[in-house]
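Notes follow once the structure below has been shown.
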There are 2 protein chains.
Amino acid sequence: MMRDPDELKNAGLKATLPRLKVLSLFENSKDRHLSAEDVYKILLTTGEDVGLATVYRVLTQFEQAGLLVRHHFESGKAVFELNQGGHHDHIVCIKCGRVEEFCDEEIEKRQKLAASERGFTIQEHSLYIYGICTKQPCPHKA
Amino acid sequence: MMRDPDELKNAGLKATLPRLKVLSLFENSKDRHLSAEDVYKILLTTGEDVGLATVYRVLTQFEQAGLLVRHHFESGKAVFELNQGGHHDHIVCIKCGRVEEFCDEEIEKRQKLAASERGFTIQEHSLYIYGICTKQPCPHKA
DNA sequence: TTCACTGCAAACGATTTGCAGGTCC
DNA sequence: GGACCTGCAAATCGTTTGCAGTGAA
């Protein structure tokens, strides 16, 4: 289930093994949001031989190439997700780590308004909601 | 311009010198948003003798006591501001570091709706807008 | 061949922690 | 007096970087 090398070539990156592995990991993992540590550990258990430093480098390159988006949830560690176009916001369960995405056009609109009213040109924006998912036992890890 | 010790006592904290200094700093500084490093440096230049570790400890205690609110902007370092009740969102200039606050009831309302629709009990939420302030020369530092 | 890429280990910046001594009530 | 605080230095955590070897085109 390895990724098409062209996708990397188009981004100006050589299609090396570590890159293909990381990219396919994001495309096939059921968790959309992964930290560098997550990626590293998954690759380890898969028997892949990739250094943690390389994971960090590749993730940053992918972010710059627009393939991934980096987020800073409260955890202190950065998490990445596939960039599939449209902007969206996040609801993070502080108990189980589950992340749900949503997008509200009205919120988007009012953010832009708030910024322009104050003379700001928006570069990016992020809305994080931290809470507890009340759906019986938390569906994810502890 | 030292703070009323009762405010600390009420929070269950002994009214020690470092705590009073830090608290009064937040109340008298013209910058509402300060990092631990900021606080430490200001205290140094004021001739105060407070350790960086103590600053970190005090800031965390104040946050737990509800006196301060901690934010994680993109910078990588945490910033704190006085907790004056009402929730509000932030617009951060990525060039000069200026922080403006705003609050939009409609956005608040729709956040709550989005969370409850997905079975989440909101614990906290933060909306950060990163941009560039177009008001001629950036009013703050470089 | 050649230059980009990699792994490893050391370096880093922000924050935390262990500990011996000092302080508030 | 005793529990709580403090400063200092060492430890931790996430992340970055220097360097010598490896691999894609």
Side-chain angles (χ1 to χ4, degrees), chain A residues 2-23 25 33-44 46-65 67-80 97, chain B residues 2-23 25 33-44 46-65 67-80 97:
Chain A
M2 192 70 55
R3 201 69 191 310
D4 182 10
D6 287 348
E7 193 150 4
L8 287 174
K9 301 254 183 69
N10 294 340
L13 298 168
K14 274 186 190 166
T16 65
L17 237 46
R19 287 180 183 152
L20 291 170
K21 289 176 192 164
V22 170
L23 192 47
L25 201 169
H33 302 83
L34 301 172
S35 68
E37 193 71 29
D38 292 336
V39 171
Y40 178 62
K41 284 198 187 128
I42 294 176
L43 290 180
L44 276 193
T46 316
E48 309 291 0
D49 178 29
V50 181
L52 179 55
T54 299
V55 171
Y56 274 104
R57 274 186 289 235
V58 168
L59 289 176
T60 301
Q61 290 159 350
F62 284 0
E63 184 199 12
Q64 288 165 349
L67 294 174
L68 295 179
V69 179
R70 182 194 303 252
H71 293 287
H72 294 94
F73 296 152
E74 287 211 316
S75 63
K77 31 172 47 177
V79 300
F80 298 79
Chain B
M2 191 70 54
R3 200 71 189 308
D4 181 12
D6 288 348
E7 192 149 3
L8 287 175
K9 300 255 183 68
N10 294 340
L13 298 168
K14 275 186 188 166
T16 65
L17 236 47
R19 287 180 182 152
L20 291 171
K21 288 176 193 165
V22 170
L23 192 47
L25 201 169
H33 302 83
L34 300 171
S35 69
E37 193 71 29
D38 291 337
V39 171
Y40 178 63
K41 286 200 186 125
I42 294 177
L43 289 180
L44 275 194
T46 317
E48 310 291 358
D49 178 28
V50 181
L52 180 54
T54 299
V55 171
Y56 274 104
R57 274 186 289 235
V58 168
L59 289 176
T60 301
Q61 289 159 349
F62 284 1
E63 185 200 9
Q64 288 166 349
L67 294 175
L68 295 180
V69 180
R70 183 195 302 252
H71 293 286
H72 293 95
F73 297 151
E74 287 211 315
S75 65
K77 30 169 51 174
V79 300
F80 298 80

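Order of the sequence lines fixes the chain letters, A, B, ..., with proteins taken first and strands second; residue numbering starts at 1 for each chain. All values below were derived from every heavy atom in this structure, side-chain atoms included, with hydrogens, water molecules and symmetry-related copies excluded.
For A/Thr16, taking side-chain heavy atoms from C-beta onward, the closest of the listed nucleotides D/dC5, C/dT6, D/dC8 is C/dT6. Among the nucleotides D/dC5, C/dT16, C/dC8, the one closest to the side chain of B/Thr60 is C/dT16. Distances from the side chain of B/Lys9 to the nucleotides C/dC25, C/dT17, C/dA9 place C/dC25 closest. In this structure, of C/dC8, C/dC5, C/dT15, it is C/dT15 that holds the atom nearest to the side chain of B/Ala78.
Closest non-hydrogen pair, B/Asp49 versus B/Lys21, comes out as N-NZ, 4.4 Å.
Note: CG (B/Leu52) to C1' (C/dT15) measures 8 Å, nearest angstrom. Distance, A/Glu74 CD to D/dC13 P: 20 Å, rounded to whole Å. Between the CG atom of A/Leu23 and the P atom of C/dC5 there is a distance of 15 Å, rounded to whole Å. Nucleotide C/dC5 holds its C1' atom 6 Å from the CZ atom of A/Arg19, rounded to whole Å. One atom, CZ of A/Phe73, and another, P of D/dG14, lie 16 Å apart when rounded to the nearest Å. Between the P atom of C/dA14 and the OH atom of B/Tyr40 lies a distance of 13 Å, rounded to the nearest Å.
With hydrogens and angles ignored, the 3.5 Å screen pairs no side-chain donor or acceptor of B/Thr46 with any backbone N or O of B/Glu48. Not a single donor-acceptor pair under 3.5 Å links the side chain of B/Arg70 to the backbone N or O of B/Ala78.
Within the structure, a side-chain polar atom (N or O) of B/Tyr56 is placed less than 4.0 Å from OP1 or OP2 of C/dT15.
Within the 4.5 Å cutoff, no side-chain heavy atoms of B/Leu13 are placed close to those of B/Val58.
Along DNA chain D, the nucleotide nearest to B/Lys14 and the one nearest to B/Arg57 differ in position, and the one closer to the 5' end is contacted by B/Lys14.
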